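Since we're looking at a predicted model, the values are computed, not measured. Just so it is clear: chains get the letters A, B, ... in the order the sequence lines come, proteins before strands, and each one is counted from 1.
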Amino acid sequence: MPYDHQSIEKKWQEVWEKSQEGRVDDSGTDALYYLIMFPYPSGAGLHVGHVESYSAVDIVSRMERMRGKKVLFPIGYDAFGLPAENYAIKTGVHPAQTTQTAINTFRKQLKSIGLSFDWDREISTADPSYYKWTQWLFLLFYKNGLAYRAKSPVNWCTGCNTVLANEQVVDGVCERCKNEVIQKELEQWFFKITDYAERLLAGLDTVDWPEKIKAMQRNWIGKSVGATVDFQLDGRDDKVTVFTTRPDTLYGATYMVLAPEHALVEQIVTDDQRAEVEAYRVAAGKKSALERTELQKEKSGVFTGAYAINPVNDEKIPVWVADYVMVTYGTGAIMAVPAHDERDHEFAVKYDISIKEVVQAPEEVEGCFTGEGVAINSGILDGLSTVDAKAKMIEHLEQNGIGGAKTTYRIRDWLVSRQRYWGAPIPIIWCESCGPQAAPEEQLPVQLPDDVDFKPTGESPLVGSKTFHEVTCPACSAPARRESDTMDTFVDSSWYYLRYCDPHNDEAFAAREKLDHWCPVDLYVGGAEHAVMHLLYARFFSYALHDLGYVGYEEPFMKLRNQGLILGPDGDKMSKSKGNVVNPDEVVSQYGADAIRLYEMFLGPLEDAKPWDTKGVVGVRRFLEKVWKLQNKLGEAPVEGLETQLHKTIKKVTSDFEELRFNTAIAKLMELTNAMTATESVGRDQYKILVQLLAPLAPHLGEELWQVLGHEGSVFASTWPTYDESKTVDDVIRMAVQVNGKVRGSLMVAPDAAEDAVLTAARADENVAKHLEGKETVKVIYVAGRILNIVVK
RNA sequence: GGGCGGGUGGUGGAAUUGGUAGACACGCUAGCCUUAGGAGCUAGUGCCGCAAGGCGUGAGGGUUCGAGUCCCUCCUCGCCCACCA
């Protein structure tokens, strides 16, 4: 009988559908929570990248179930978002409809590759029964001071016509549509993620995540330890406060810089400098974030005409305006120490400002010295090391009431409101007399209305709905209006893994037990592109929910792994425009679901980027056929010659699966299969073990062969094979014999053979003897089971 | 400029963590079988060489009986962040 993947795969998918194979209940103590980053249900359908990460987690889920664990492995859809809304603007098709169609396609495709999700827990963030809880969480944060409204300069995407979070602006353009992002002063909703900066930083040390992702988060949080210093303005009452990480260099501050947007600029600028400063500010304001970073090579600035007093030496120093100082970081003003800061140095040289050395470098250095040394020309600090000088200066600042220790973070509060339609409405009611009011809980979910015009105007499409705003103020009962903005879709995805724990419960956060039963997530697999958005936001949610008593842990994802990109056959990133996108459906129908799973796992390490090669699919397909054919030569007795290899394979496959090293596990299974193909017959029980080891990788074939072997029920209900350590050791091994480190022969010996015996045998080897002839043996290195090296001269 | 990760056959990649480099697979070559569809089987396949042998993990040094693996110096590629005071 030939290996007919189409009928086999169809057959078992129907069986699994009926048996609800991935379904798991909330009882027991052996709970594992394995999670993949849920997909955005794009109209393009499933991508080979999805297949990669989902297969990986499916494999370990299946193995752990066979090892007796209850594994929660759920699936859902990150269904709100701009693509569906943009499509609606173009075609008039409602986003709900587009999204539903896409979800249906996804579901069908996911089922076609044999993923053992718990379909009973399937969720969609665009479903009112889901976003009801997104809104409930917003209100929870609002009532606890973690959600607030504030006017501030915000990022406005000129393409999407909405504000964006800092995390969604990349190089001055929108992360999604690549259009220019400009600054606008607007009142918006924020989440107070900055309250958690320190804990989000410290928590990274407690999780098993790729170092790269941790580094990106640390960098994004951007902790700087230093001090603030107040500079009195010369001849005025006000002062300028600066932040510095080098308070030890205060004696070397020879000028100050304010960001162009700094509020004090207008007040301190002198009349004869006013025109020039104004022109500079206007020019700076026109620059997009992109231009400002592009122009970083050449610094520019304008003198304000004002002077400040250096508080430690009473020197009068000029105050400048320059756009190399950011209004959003620190205090928006700096003290410039050109001798010990490269940017200040460049600026001072260009504008001929004095440079005063205050740190003695430990050794001769070229250019400007920014390292640590000994304080000089620094009054009370002279002779102190940089570390001691910092401490002493902070003490001095505090004693004199002109500053003190200060830690700043680069991370900003998370701007969560969006002027778009296809998202969860923010459950706030605006009353003319009472201001913003939390929508009463019984009104949740605040449903998205259908009577809207999707066309973006800069205002939320919800503004124009007639039905949506028919509400009264919860406080005074006067007619009121609903908030028209919706939430950033990253709010939806910040808590979805909690919803899986209890998807049918309408009291989702009432009982903590179910959440704590499964959470935190034991293994989370997804793309690295979420390093500073989803993964940071979700951690913030988890910490906040912990503090509010809703969950019993802080970190939500204990172990994280990023799958590498699958590149096109040309080695480039797959993209529609390049025409190098591989459609998994075609591979599934031609070679089978088991083949595509196995192929993607065999390509290389999960975390590496790997080019797709359709020819390679043929290779794994041949392997599956070989396994299939073995059923024709089963014998009852185990074949002695296969036993050691069998136990070695169990050991290797088990540990490789645990470490997500599927490529080498598959190679081992191929070796075993090749060995079985070469023997006269294969023991039935030996074949059974091969089938069990292969089953998580190729579940359809696994089930089919399990049935062929005469077993009732699913192979995944069977017990994962165990190995006998003593049987993983070969009786004899081929040991290399070296003379002066070069291999000159090899011997078949027992792994624990005595040195004398091996040495004697080695000397008897013709080629070895040839290289020993006439030489004096200086030393013999013998490592049992490894190597014999005879050193001669 | 900073951070992280790489550089091994024609290709994707292995290497018991200091012990025979190239497992497994693709591709390729020859033959067989069928007879032309990217099917199957057997053998071969790191490089140079008829061979003996020599050379080989980005380059160069070092440690060691022994280095892809450890230590210096350098080259190079990828990703992320970047005027962050």
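Nearest to the side chain of A:K615, among B:rU20, B:rG19, B:rG27, sits B:rG27. In this structure, of B:rC65, B:rA85, B:rC24, it is B:rC24 that holds the atom nearest to the side chain of A:M670.
The C1' atoms of B:rC79 and B:rC74 are separated by 23 Å, rounded to the nearest whole Å. B:rU64 and B:rG58 are spaced 23 Å apart, taking the C1' atom of each and rounding to whole Å. If you take atom P in B:rG6 and the same atom in B:rG10, they sit 23 Å apart, rounded to whole Å. The same atom, C1', is picked in B:rC75 and in B:rG60; the two are 10 Å apart, to the nearest Å. The gap from the C1' atom of B:rG5 to that of B:rG9 amounts to 23 Å, rounded to the nearest Å. If you take atom P in B:rG7 and the same atom in B:rA15, they sit 12 Å apart, rounded to whole Å. Straight-line distance between the P atoms of B:rA21 and B:rU16: roughly 14 Å, to the nearest whole Å. When the C1' atom is compared between B:rG68 and B:rU35, the two are found 47 Å apart, to the nearest whole Å.
A search for side-chain contact (heavy atoms from CB on, under 4.5 Å) contacts involving A:V743 returns A:A736, A:Q738, not counting sequence neighbours. A:E529 meets the side-chain hydrogen bond (donor to acceptor under 3.5 Å, both in side chains) test with no other residue; sequence neighbours excluded. Taking the side-chain hydrogen bond (donor to acceptor under 3.5 Å, both in side chains) definition, one finds that A:T408 meets it with A:Y329, sequence neighbours left out. The side-chain hydrogen bond (donor to acceptor under 3.5 Å, both in side chains) check on A:Y255 picks up A:Y324, with sequence neighbours excluded. Among residues two or more places apart in sequence or in another chain, the side-chain contact (heavy atoms from CB on, under 4.5 Å) test is passed with A:A333 by A:V240, A:V242, A:L258, A:H262, A:T331. A:D205 meets the side-chain hydrogen bond (donor to acceptor under 3.5 Å, both in side chains) test with A:R218; sequence neighbours excluded. With sequence neighbours excluded, the residues forming a side-chain contact (heavy atoms from CB on, under 4.5 Å) with A:R744 are A:V739, A:K742, A:N767, A:V768, A:H771, listed by chain and number.
Glycosidic torsion of B:rU17 falls within 90° of 0, placing the base in syn. Glycosidic conformation, B:rG9: syn, with the torsion inside 90° of 0.
With a 3.5 Å limit on both pairing distances and Watson-Crick or G-U wobble geometry required, the stems of 3 or more pairs in RNA chain B span B:1-7 with B:75-81, B:10-12 with B:24-26, B:27-32 with B:40-45, B:46-48 with B:53-55, B:58-62 with B:70-74.
The residue A:Q738 sits close to a base: some heavy atom pair falls under 4.0 Å. Within the 4.0 angstrom heavy-atom criterion, base atoms lie near A:V783.
Toward the 5' end of RNA chain B, the nearer of the two residues A:I666 and A:G741, judged by each one's closest nucleotide, is A:I666. Checking A:I781 against A:G332, the closest nucleotide of RNA chain B that is more toward the 5' end is the one next to A:I781.
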Exercise. Between A:F662 and A:F602, does a ring pair (Phe, Tyr, Trp, His ring centres under 6.0 Å) hold up when you go through it step by step?
Worked result: CA-CA 6 Å; A:F662 304 106; A:F602 186 55; over 10 Å; no
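B:rC83 atom P lies 14 Å from atom CD of A:E342, rounded to whole Å. Here the C1' atom of nucleotide B:rC83 and the NE2 atom of A:H345 are 16 Å apart, to the nearest Å. Here the C1' atom of nucleotide B:rC79 and the CD atom of A:E607 are 14 Å apart, to the nearest Å. Rounded to whole angstrom, the span from the OH atom of A:Y409 across to the P atom of B:rA85 amounts to 13 Å. If you measure from atom CE of A:M676 to atom P of B:rC24, you get 16 Å, rounded to the nearest angstrom. As a whole-Å value, the separation of A:F347 CZ from B:rA85 P is 18 Å. The separation between A:Y329 atom OH and B:rA82 atom P is 13 Å, rounded to whole Å. Rounded to whole angstrom, the span from the CG atom of A:D323 across to the P atom of B:rA85 amounts to 17 Å.
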Distance-only check: which donor-acceptor pairs under 3.5 Å involve side-chain atoms of residues 671-680 of chain A, not counting sequence neighbours?
{"from": "A:T673", "atom 1": "OG1", "to": "A:L669", "atom 2": "O", "distance (Å)": "2.8"}
{"from": "A:N674", "atom 1": "OD1", "to": "A:K626", "atom 2": "NZ", "distance (Å)": "2.9"}
{"from": "A:N674", "atom 1": "ND2", "to": "A:M670", "atom 2": "O", "distance (Å)": "3.3"}
{"from": "A:T677", "atom 1": "OG1", "to": "A:T673", "atom 2": "O", "distance (Å)": "2.7"}
{"from": "A:T679", "atom 1": "OG1", "to": "A:M676", "atom 2": "O", "distance (Å)": "2.9"}
{"from": "A:T679", "atom 1": "OG1", "to": "A:S681", "atom 2": "O", "distance (Å)": "3.0"}

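The side-chain heavy atoms of A:T614 and A:P569, taken from C-beta on, include no pair separated by under 4.5 Å. Residues A:T644 and A:K727 have side chains not in contact (no heavy-atom distance under 4.5 Å, counting atoms from C-beta outward).
A donor-acceptor pair under 3.5 Å is absent between the side-chain atoms of A:D608 and the main chain of A:G564, judged by distance alone. Not one N or O on the side chain of A:K668 forms a donor-acceptor pair closer than 3.5 Å with the backbone of A:K652.
A donor and an acceptor atom never sit less than 3.5 Å apart when one is taken from the side chain of A:N219 and the other from the base of B:rC81.
The one candidate from A:D656, A:D730, A:D724 that meets the salt bridge (charged side-chain N to carboxylate O under 4.0 Å, His left out) condition with A:K648 is A:D730.
Between A:T386 atom OG1 and A:M393 atom CE the span is 12.0 Å, to the nearest 0.5 Å.
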For this session: Using a 4.0 Å heavy-atom cut-off, write out nucleotides 3-17 of chain B from 5' to 3' as B (base contacted by protein), S (sugar-phosphate only) or - (no contact).
Result: SS-------BSS-B-
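Cation-pi geometry between A:R621 and A:W628 is not satisfied (NZ or CZ under 6.0 Å from the ring centre, within 45° of the ring normal).
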Find every protein N or O atom lying less than 3.5 Å from an N or O atom of nucleotides 51-58 of chain B, and list the pairs.
{"from": "B:rC55", "atom 1": "OP2", "to": "A:K742", "atom 2": "NZ", "distance (Å)": "3.2"}

Atom pairs, N/O to N/O, protein against nucleotides 40-43 of chain B, distance under 3.5 Å?
{"from": "B:rG40", "atom 1": "OP1", "to": "A:R622", "atom 2": "NE", "distance (Å)": "3.1"}

